[in-house]
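Written out below as structure tokens is the structure these notes cover.
Bear in mind the structure is a predicted one, so any value in this text is a computation, not a measurement.
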Amino acid sequence: MWYYLLKRVLAIIPTLLGVLTLTFIITQFVPGGPVEHMLLQLDGDSARAGAEGGHANNGGSWDYNGRKGIDAQQLDQLSGLYGFDKAPLERYLLMLNNFLHFNLGDSYFRNQSVWSLIKDKLVVSVSLGVWTFFLAYLVSVPLGVAKAVRAGSRFDFISSLLVLGGYAVPGFVLGVMLIVLFGGGSFWDIFPLRGLTSENWAELSWFGKITDYLWHITLPVTASVVSTFALKTLLTKNTFLDELSRQYVLTARAKGLSERQVLWKHVFRNALLPLVTSFPGTFITAFFTGSLLIETLFSLDGLGLLSFESINSRDYPVILGNLYLFTLMALFTKLVGDIAYVLVDPRIKFDAQDL
């Protein structure tokens, strides 16, 4: 077991290196890099300044003289500012050295370090991710068990329709529906639509702070979590149905154990294995997948929106820093999933020859 875990930890290094290398190649050699992006901004500023100057000089008529241009010295200064005066290999090795020391660099356009940007936005992503992750299991597992026990009943049929209906509706579509219904749209104005807390949050009591936070997070979390119920619920149901048909269940019932004891003491532990293996994927999905539209819809400034804006502006340090942290979290979460798999079922032995 320990030898297997050591090999898995060591395997993180080439995996992370491969992801960063591929991303570096894509970001460094695609057209429209940060230098070109800054030139477009300067060109736009020049155009506006020229138009405003022409308007002032001509007493109300527009007289824009066109782009003044950027001389070679300014272009070299921009290239040096963003590190493009160095050879690609040198930039790549510098990036790896910085990441080895957990130095993610500074944003090209935000005048902040990447670490500080991520920490500022992390609160939103953690809030959405933690609630989505735990609610997905707190609702889906008991519901799946209930469906397995009542398989074929009216409850099973109606609950299947509901969870599959929720799965069929994209999160952002559900978010729009919730805003229309409960966010001051066409019906009720019950929940706020901006931020995680109110402006006077610091002045509230501790109970008021908790209530205010839950009040703000209700709609975005609902839009994020509903579509995750179906897969976990049906996986739980099918796993429990498979376990309920096994011989050890018949033996436990023959010994006179109650149905509750059979279900939660014997069946639950074996049925938990497929759910444990899906922990890493659910965790990463809850934190970093599909949050962009939810954050935009509910005016939540989180990591999803930060990544999207960084890609549009070619802010490469932020892109690579986000990817670096996301990949590390995904790899270590998968490792934690393997450890949890063994803790749930000690009979599992990892072969030292296999990864």
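The two residues S140 and T228 make their nearest non-hydrogen contact at OG-O, 4.3 Å. The heavy-atom pair separating I294 from A223 by the smallest distance is CD1-CB, 3.8 Å. The two residues G208 and L204 have their closest heavy-atom pair at O-CD1, 3.7 Å. Here the shortest heavy-atom pairing between L303 and E295 reads N-OE2, 3.8 Å. Of all heavy-atom pairs spanning A148 and L241, the tightest one is O-CD2, 3.4 Å. Between V262 and A252 the shortest heavy-atom distance is CG2-CB, 4.0 Å.
Interatomic distance, OG of S125 versus CZ of F326, reported as 6.5 Å (0.5 Å rounding). We find the CG-NZ distance between L235 and K232 to be 7.0 Å, quoted to the nearest 0.5 Å. Rounded to the nearest 0.5 Å, atoms OG (S127) and NE2 (H216) are 12.0 Å apart. In this structure, CZ in F268 is found 9.0 Å from CG in L263, a value given to the nearest 0.5 Å. Within the model, atoms OH of Y213 and OG1 of T197 stand 10.0 Å from one another, a figure rounded to the nearest 0.5 Å. Note that OH of Y137 and CG of L143 are 14.5 Å apart. Values are rounded to the nearest 0.5 Å.
By the 4.5 Å heavy-atom criterion applied to side chains, T23 and M95 are not counted as neighbours. Taking the side chain as every heavy atom from C-beta outward, P220 and L300 approach each other to under 4.5 Å. Between E90 and L94 the shortest side-chain heavy-atom distance does not fall below 4.5 Å. Taking 4.5 Å as the limit, every side-chain heavy atom of D120 sits out of range of all side-chain heavy atoms of L306. Contact annotation: the side chain of P317 never approaches that of L104 to less than 4.5 Å [non-hydrogen atoms, C-beta and beyond]. D212 places none of its side-chain heavy atoms less than 4.5 Å from the side chain of F207.
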Stepwise, does the side-chain contact (heavy atoms from CB on, under 4.5 Å) test hold for L305 with T296? CA-CA 7 Å; L305 189 59; T296 304; 3.6 Å; yes
Assess whether side-chain contact (heavy atoms from CB on, under 4.5 Å) is satisfied between I319 and L323, documenting all intermediate values. CA-CA 6 Å; I319 296 172; L323 184 68; 5.5 Å; no
Please assess T218 against I190 for the test side-chain contact (heavy atoms from CB on, under 4.5 Å), listing each intermediate value before the final yes or no. CA-CA 11 Å; T218 298; I190 300 176; over 6 Å; no
Worked verdict on L20 versus F24 for side-chain contact (heavy atoms from CB on, under 4.5 Å): CA-CA 6 Å; L20 290 176; F24 177 84; over 6 Å; no
Report the C-alpha distance between N322 and S307 in whole Å, list the side-chain angles of each, state the deciding distance to 0.1 Å, and finish with yes or no for side-chain hydrogen bond (donor to acceptor under 3.5 Å, both in side chains). CA-CA 7 Å; N322 273 330; S307 299; 3.1 Å; yes
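Hydrophobic clustering keeps W131 apart from W201 (ILVMFWY residues linked when any side-chain heavy atoms are closer than 4.5 Å, directly or through intermediates). Under the 4.5 Å side-chain heavy-atom criterion for ILVMFWY residues, no single connected hydrophobic cluster contains both I311 and V19. Hydrophobic clustering places L96 together with L89 (ILVMFWY residues linked when any side-chain heavy atoms are closer than 4.5 Å, directly or through intermediates). L162 and V145 fall into different hydrophobic clusters, where Ile, Leu, Val, Met, Phe, Trp and Tyr side chains are chained together by heavy-atom contacts under 4.5 Å. F240 and L257 fall within a single hydrophobic cluster, where Ile, Leu, Val, Met, Phe, Trp and Tyr are joined by side-chain heavy atoms under 4.5 Å apart, directly or via other members.
With a 6.0 Å radius and a threshold of 12 heavy atoms from other residues, nucleotides or ligands, N97 has its CG atom above the threshold. In this structure, F155 places its CZ atom where more than 12 heavy-atom neighbours from other residues, nucleotides or ligands lie under 6.0 Å away. Within a 6.0 Å sphere centred on CZ of F308, heavy atoms belonging to other residues, nucleotides or ligands number 12 at most. Other residues, nucleotides and ligands contribute at most 12 non-hydrogen atoms within 6.0 Å of the OH atom of Y167. Environment of OH in Y248: crowded, with over 12 heavy atoms of neighbouring residues, nucleotides or ligands closer than 6.0 Å.
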Just distance, no hydrogens or angles: give the donor-acceptor pairs under 3.5 Å from side chains in residues 171-182, sequence neighbours left out.
none

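A salt bridge links K147 and D156; the closest N-O separation between the charged side-chain nitrogens and carboxylate oxygens is under 4.0 Å. Looking at K121 and E309, no side-chain N of the basic residue comes within less than 4.0 Å of a carboxylate O on the acidic one, giving no salt bridge. For the pair R246 and D242, the salt-bridge criterion is met [side-chain N within less than 4.0 Å of a carboxylate O].
Distance alone, capped at 3.5 Å, places no donor-acceptor pair between the S310 side chain and the V318 backbone. In this structure, S116 contributes its side chain and S113 its backbone to a donor-acceptor pair below 3.5 Å. Under a 3.5 Å cut-off, the side chain of D315 and the backbone N or O of Y108 do form a donor-acceptor pair. Without hydrogens or angle criteria, S153 side chain to R150 main chain gives a donor-acceptor distance under 3.5 Å. In this structure a side-chain-to-backbone donor-acceptor pair under 3.5 Å is present from N238 to L234. Checked by atom type and distance alone, the side chain of E243 never pairs as donor or acceptor with a backbone atom of V267 at under 3.5 Å.
Evaluation of the side-chain contact (heavy atoms from CB on, under 4.5 Å) rule for I210 yields W206, L214 as partners, not counting sequence neighbours.
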